Amino acid sequence: MQSQTDTTRFQPSAALWASAAIIGAMIILQAGRLAGGGASARAADVASRAGDHAVLSFNGGNDDVVVVLDSRSETLYVYHVENQTKVEFLGAQAVAPMFTAARGK
């Protein structure tokens, strides 16, 4: 006498389709976070490098701020851009003493 098992086998292809659907949902979720403001960088913030100078612009409240780092002289220059028409020099600071002061605290 033969015993017949009535267990339904789980199809391997169904497991593959289920995992593919889960991975697809995770990709869509992550893409939505990157495009929907979950990213920390904003389009208005721009960093660029040209030779010995690095430039960073960012929103400083009402107006924009531009910071220029001169790697030759190791100096940081800060400018205030008012209404996208006027540039005002705010000051310069040597970078080395800033790091020394930060280490001391």
Side-chain angles (χ1 to χ4, degrees):
M1 190 160 126
Q2 290 181 329
S3 69
Q4 195 175 17
T5 55
D6 290 331
T7 59
T8 306
R9 297 186 114 199
F10 188 69
Q11 297 294 327
S13 62
L16 290 175
W17 279 110
S19 63
I22 291 171
I23 291 171
M26 291 170 60
I27 290 172
I28 291 171
L29 191 75
Q30 287 294 349
R33 285 183 185 171
L34 291 176
S40 61
R42 296 179 304 209
D45 300 341
V46 178
S48 180
R49 184 173 180 90
D52 293 329
H53 295 86
V55 179
L56 172 67
S57 67
F58 56 91
N59 184 351
N62 294 333
D63 295 312
D64 291 333
V65 176
V66 177
V67 178
V68 180
L69 175 63
D70 183 358
S71 61
R72 282 183 292 171
S73 66
E74 295 181 343
T75 305
L76 196 66
Y77 301 96
V78 182
Y79 299 89
H80 173 247
V81 181
E82 193 173 321
N83 295 327
Q84 296 182 350
T85 57
K86 181 181 172 186
V87 179
E88 177 185 355
F89 177 69
L90 295 179
Q93 177 73 39
V95 175
M98 287 193 295
F99 282 103
T100 304
R103 282 190 201 116
K105 291 183 179 184

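This structure is a prediction, so every number in the text was calculated from the model and none was measured.
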Inset, instruction - Please answer: with hydrophobic residues joined when any side-chain heavy atoms are less than 4.5 Å apart, are Val78 and Val55 in the same cluster? - result: no
Inset, instruction - State the CD-CG distance between Glu82 and Asp64, to the nearest 0.5 angstrom. - result: 11.5 Å
Inset, instruction - Taking the side chain as every heavy atom from C-beta outward, state whether Leu76 and Leu69 have any atom pair closer than 4.5 Å. - result: yes
Legend entry - In one Ile/Leu/Val/Met/Phe/Trp/Tyr side-chain cluster, 4.5 Å: Val65, Tyr79: no
Legend entry - Reference residue Ser57; test side chain to side chain contact (heavy atoms under 4.5 Å, CB included); the match among Val66, Val67, Val81, Val68: Val66
Legend entry - Asp52, CG: over 12 other non-hydrogen atoms inside 6.0 angstrom: yes
Legend entry - Cluster link Phe99 to Tyr77, ILVMFWY, side chain under 4.5 Å: no
Legend entry - Minimum side-chain heavy-atom gap Arg72-His53 below 4.5 Å: yes
Legend entry - Co-membership, hydrophobic cluster, residues Leu90 and Phe58, 4.5 Å side-chain: yes
